[in-house]
Structure formats: C-alpha cells, structure tokens
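What follows is a short report on a single structure.
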Amino acid sequence: METSIKIDVGTDVRRVFEAQRANALAISLTSTDERIAKLRKIQDYLVSHQEEIKRVMYADFRKPAVEVVLAEIFAITGEIKFVCKNLSSWMKPQKVPTSMANVGTSSHIKHEPKGNVLIIAPWNYPLSLCIKPLVSAIAAGNVAMVKPSEMTPNTSAFVKKMLNELFEYSEVAVFEGDAPVATALLRLPFNHIFYTGNPAVGKIVMKAAAEHLASVTLELGGKSPCIIDETADAKKIAGMLTWGKWLNNGQTCIAPDYLYVHESKKDDVVRELQGAITRMYNADGRGVEHSDSYSRIVNNRHFERVKNYIDDAVQKGAKIEIGGKTISNQNFIEPTVLTGVNDDMTVMRDEIFGPVLPIISYHNREEVIRYINAGQKPLALYIMSNDTENTQYFMDRTSAGDSVINDLLLQFGNSELPFGGVNNSGIGKTNGFFGFQEFSNLRGVMKRNFGTMKFVYPPYTDKVQKLVNFFVKYL
Ligand code: NAD
C-alpha cells in the first residue's frame, strides 16, 4: 500500500487516479476483517461526530437534528452493521450447480472488486447518499474517488475532512466542486461510476462512461405517484403522507411526487392532510416557518423553481387547498397541497422535489394505469389500500424501482431489499448485498476435476454428431 502522506488533493484528479490505480490490486486482496475494520472506522467517526454533523446540515438547509440522525447517520450506520454481519458470506465463492454436459467440472461465482470507482453524490441527503455507496465500494474491495455535491458545502467539507482523516488518498479520495470537477473526473477511465442525481445529468454520466465502457449505477429520480384507493383510511394515512412528503422539505427522491386519489376519498384526504400538517409543523399556531421540524429548500434557485410550479398551476386554474405561503429570503415554502391540476402545468410534468403536493383523482382504476404507464417508470410507487385485489391490480400493471404498500419511504431503510430505479428513474440497484454486487464483477469460474470434453473434439464423426444430438434432446 502507498505511503501515508495526507494531502489536499485539490483538483489534481489524474494524479490521484493513478495513485489509486497503482493501489487497486492491494486493496482488492484485503480480507473480510480488513474491510470490516475500515467500515467500523467510518461508523465510529460518524457516531462520535454527531453534533458536528447536525451543525453542518443545519447550516446547509436547516435540516432538523432528528432527520439528520435518522436519515443520514443511522442510514449509514445501519447499513454498515448489516454489511459487516454478512460480508464474510458475500465474499465467499458462491457455488453453483454444473450441468450434465459439463460432467467432471465444478463451478462458482467469484465476486471480485471492479477496481477504480467514482461516486458522484447529490445534495438532498448529502452525507448518506455519498457514504452509503462508499460502504458498498469498500466492502467489495475497491478504491474510490468521491465527489459530494457543491450545493451543501458545509456537509461536503465534513465528508472531505472525515475521509481524509480515515483513508489514504490512494484508497479513498474526495474532490469537492461543481460540474467542471465532475466533468474532469468523468474523463478518467474508471471501472465503475455510481451517480446519484437528476436524470438529465445521469445521461451525461452514462455517455462519459461509454467512452471507457465503464459500468454505471445511476440512482435517478422522477415523478413517484402514491395511489390512494376507495378503501384507504384517510385519517390513518394522513400522518404517513405528511411525514413522507415533507421530510427534508419534499427533497427526497422517493417522496410521493403527487397523490392519485379515488374521487370518493379526495375531500377526506385533503381534510386529514391539513390536520396532520398542523399537528406536525404548526401545533402552536405560530406558522410553519417557526417550526424546528421543517427544513428549507436547499437554495434560492430551487426555491424559485418550486415557487414557479405553484404560480404556474394557480395561473392555469389549480386551487391551493393547503399552504401556499412563501418567504424568499428563507427559501421557505409552506407545505402546499394543490387540486385541480392537469398536465399543462409544470407541476405535473417535472419532478417537484420540494414541498408541493398535487392531488389528482380518478373514478376507475384503469385510468390510473393508463396515466402512470404513459409517463416514465417511477423510482417509487406507493399504494394506500385495504383491498388486496386492488393492490395486486396496481402492482401487476405498473413498473417502478420500489414500492411500499400502506406506508412510505421505508424501502430505503431495509438493506435486504434492492434499492434503485428503472430506466429514467435509474439503472442498477444498491443497498446491502445489491450494493456489494453493484461494485463487484461477477466472475464465473469453472474447474475441471476429472475427465475431458474429448468426445466432442474433431474429427466430427457420426458418433460425435449423435452425441451432440443427444445433448440437444436430453440435456
Ligand atoms: P445535484 O445538483 O447535487 O447533482 C448531483 C451531482 O451531480 C452533484 O455532485 C453535481 O456536482 C453533479 N453534476 C452536476 N452537473 C453535472 C454535470 N454536468 N456532469 C457531471 N456531474 C454533474 O443534485 P440533483 O441532481 O439536483 O439531485 C436531485 C435529483 O436526484 C432528483 O431528481 C432526485 O430524485 C435524484 N435523487 C435520486 C436518488 C436515488 O437514490 N435514486 C437519491 C437522491 C436524489
């Protein structure tokens, strides 16, 4: 392993890449225990720096401390514990059966590290979405270059400090900066690129990866619907919807983007949402802007983007059922619920990624399927229903990265489930074993133990021909 000079890598991406490339073989040969030790170092660092993490995230966009602990720190420490518990079995050669035609051989799958990997992370969960993929990359035995988002500079500086303290740059290196830094990184011949962010940049990343035929994991976004059928209990789900939508101010890739509610339940849902929003964010009646539980939109550009959705919708005839208040110098938008929306409005075309929740309604479930399937496949699709047949109907006729029935967001926290999108909402899966696999090359290995295949070697006599015919017919 390379000597331990701690440096500020700046933008010298090529030099660091070469240092990592020279180190990749040594890292690939590390044992389970060595990899676990590295992951535990990250875990301990996060646990012992919780107060600092809360401070930097508050400075970035007033992320409430509870959300920092739950969705940033615990999201990583929980994953690390799961990985450490299972890594030994994942790293073992995975035996697979051998067909009769290959009698005399045995087969297994070897999960070998991909090698040099790049992780480009977004701002909305600026710690967990940067470090969780790194946990998978380290578990799989890779060297990694990491680029956190420029939009959350305080958290990105923390990520850099932490990884500089814990790793030699020849194993894990952090590059802060915006698109030009990402572009410089993307020119390098990585073996794998893991990108989390919007689909437009996802395409840029995939094109850059194609230059070197690097494999990619793209964790993207889109409009994730929540279907609420006529059997759902509006009172019961209102809390879930409020938490799931307004956690992190709606800036969650798997937040419900819009509700698709059975007409008979629409008024109940609006009424119960109003009650839940008040209970969660305005119990003292001073206004949501005074709530410590409500974060902010990340910056003024995104504030304007989301505000424009409301203005455009209202101008085209939508009704603000709840909220609507904005405070520009705080990047604050009240939890806002819209009805009377349609596809001429930008709020129904773009991914909202903010605290605005449009509601559309349906009379028959076929309409729902037609509407959802006319758009891009979502990252998440939620179903609120007490009817098993209805639930199955919606599940069978739609496609999505993940689904939760009768709750929201929880799929991200179960390391046993693959997490990721489909096509426009993403390529590849992560979490637990799926993350480990994403950063591994699945090398198929066969070993001959006895015999040969000489009975099919040339010259191709009638006997050989009969034998291969037998293969086709019986094996
Ligand atoms: P962002 O603006 O922070 O961008 C993400 C990363 O891409 C940043 O590191 C940024 O520097 C980099 N980047 C920007 N322009 C680039 C370019 N031209 N070339 C290369 N890299 C570039 O974050 P964002 O894109 O606004 O994030 C929000 C989007 O991410 C939403 O669509 C959301 O749904 C999605 N998202 C998906 C997941 C998931 O797990 N699937 C998680 C979080 C966010």
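As the structure lists them, so they are numbered: ligands from 1, and atoms in each ligand from 1. The chain is numbered in sequence order, starting from 1.
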Is it true that [X] and [Y] have a side-chain N and a carboxylate O under 4.0 angstrom from each other?
| X | Y | result |
| --- | --- | --- |
| E272 | R279 | no |
| E171 | K38 | yes |
| K81 | E79 | no |
| R370 | E367 | no |
| E112 | R443 | yes |
| E51 | K54 | yes |
| D44 | R40 | no |

Give the atom numbers and elements of ligand 1 that come within less than 4.0 Å of a heavy atom of [X].
| X | answer |
| --- | --- |
| A182 | 20 (C), 21 (N), 22 (C) |
| A121 | 5 (C), 6 (C), 8 (C), 9 (O) |
| G221 | 32 (O), 34 (O) |
| L129 | 42 (C), 43 (C) |
| L186 | 20 (C) |
| I120 | 6 (C), 7 (O), 9 (O), 12 (C) |
| M151 | 2 (O) |

Looking only at distance, does [X] have an N or O less than 3.5 Å from an N or O of ligand 1?
| X | answer |
| --- | --- |
| S149 | yes |
| K147 | yes |
| N124 | no |
| T196 | no |
| S425 | no |
| W123 | yes |

I need the single residue from K325, Q330, R296 that forms a side-chain hydrogen bond (donor to acceptor under 3.5 Å, both in side chains) with E289. Which is it?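 It is K325, the one option of K325, Q330, R296 that forms the side-chain hydrogen bond (donor to acceptor under 3.5 Å, both in side chains) with E289.
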
For [atom], which protein heavy atom lies nearest, and how many Å away is it?
| atom | value |
| --- | --- |
| atom 35 (C) of ligand 1 | G197 O, 3.3 Å |
| atom 28 (C) of ligand 1 | F353 CE2, 3.5 Å |
| atom 41 (N) of ligand 1 | L220 O, 2.7 Å |
| atom 11 (O) of ligand 1 | E150 OE1, 2.6 Å |
| atom 25 (O) of ligand 1 | N198 ND2, 2.6 Å |
| atom 42 (C) of ligand 1 | C253 SG, 3.1 Å |
| atom 18 (N) of ligand 1 | I204 CD1, 3.7 Å |
| atom 7 (O) of ligand 1 | Y195 CE1, 3.3 Å |

Can you confirm if the aromatic rings of [Y] and [X] lie within a centre distance of less than 6.0 Å?
| X | Y | result |
| --- | --- | --- |
| H290 | Y281 | no |
| Y362 | Y371 | no |
| Y294 | F332 | yes |

Given the ring of F190, does K114 sit roughly above its face, with NZ or CZ under 6.0 Å from the centre of the six-membered ring and within 45° of the axis? no

May I ask you to establish whether K41 and F167 are in a cation-pi arrangement, using a distance under 6.0 Å from NZ or CZ to the six-membered ring centre and at most 45° from the ring axis?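 Ring-cation test returns yes.
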
Side chain, backbone, both or neither: the part of [X] lying under 4.0 Å from ligand 1 by heavy atom:
| X | answer |
| --- | --- |
| I254 | neither |
| V201 | side chain |
| L379 | side chain |

State if F412 counts as touching ligand 1 under the rule of any non-hydrogen atom under 4.0 Å. no

Among the heavy atoms of Y125, does any lie under 4.0 Å from an atom of ligand 1?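 Y125: no contact with ligand 1 (<4.0 Å).
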
Is a side-chain donor-acceptor pair under 3.5 Å present for E438 with T430?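 Per modelled atom types, T430 and E438 side chains form no pair under 3.5 Å.
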
Is the number of heavy atoms from other residues, nucleotides or ligands within 6.0 Å of NZ (K161) greater than 12?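 Count over threshold, so yes.
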
